[in-house]
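These notes concern the structure reproduced below.
Only a predicted model underlies this, so the values are computations on that prediction, with no experimental measurement involved. The chain is numbered in sequence order, starting from 1.
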Amino acid sequence: MNECDRCLYFVCDEITGEYYCDVYLDEDEAERLLERRDKACPYFRDGDDYAVVRRQN
């Protein structure tokens with residue numbers, strides 16, 4: 001499983017059934033993201049609904 005599979009912005013298009021990244025980027029931000037040497041996405045947000053509950057225990 002990669003980082004995108006757990007990301008809040010990784011959504012499914014109901015019509016085509018394909019997944020895509022739904023984070024809003026302007027043209028400059030998109031270019032900087034594609035030029036990054038490291039693979040960690042700076043826009044990643046954990047979409048795990050149970051992450052907060054696990055931390056409370």
Side-chain angles (χ1 to χ4, degrees):
M1 177 185 306
N2 67 16
E3 192 174 69
C4 292
D5 293 336
R6 296 187 346 255
C7 186
L8 180 66
Y9 298 116
F10 196 58
V11 296
C12 181
D13 183 333
E14 294 179 8
I15 296 171
T16 63
E18 295 180 6
Y19 285 86
Y20 65 95
C21 181
D22 194 33
V23 68
Y24 176 76
L25 301 174
D26 64 18
E27 187 175 334
D28 295 329
E29 290 173 324
E31 184 177 345
R32 281 192 299 268
L33 181 63
L34 293 174
E35 291 177 350
R36 290 176 61 94
R37 294 189 190 276
D38 61 340
K39 298 298 180 190
C41 179
Y43 303 103
F44 173 77
R45 288 193 48 208
D46 196 351
D48 184 4
D49 294 335
Y50 298 104
V52 174
V53 174
R54 283 194 295 269
R55 275 185 264 170
Q56 290 176 348
N57 290 335

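Not a single ring pair (Phe, Tyr, Trp, His ring centres under 6.0 Å) links Phe44 to another residue, sequence neighbours left out. By the side chain to side chain contact (heavy atoms under 4.5 Å, CB included) test, Cys4 is found to be paired with Asn2, Phe10, residues two or more places apart in sequence or in another chain being considered.
Between Glu3 and Cys41, the shortest heavy-atom contact is OE1-N, 3.2 Å.
Remark: Tyr19 OH is loosely packed, at most 12 non-hydrogen atoms of other residues, nucleotides or ligands lying under 6.0 Å away.
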Show every donor-acceptor pair shorter than 3.5 Å between a side-chain atom in residues 20-27 and any protein atom, with sequence neighbours excluded, or say none if there are none.
residue: Asp26; atom: OD1; partner: Asp28; partner atom: N; Å: 3.2
residue: Asp26; atom: OD1; partner: Glu29; partner atom: N; Å: 2.8

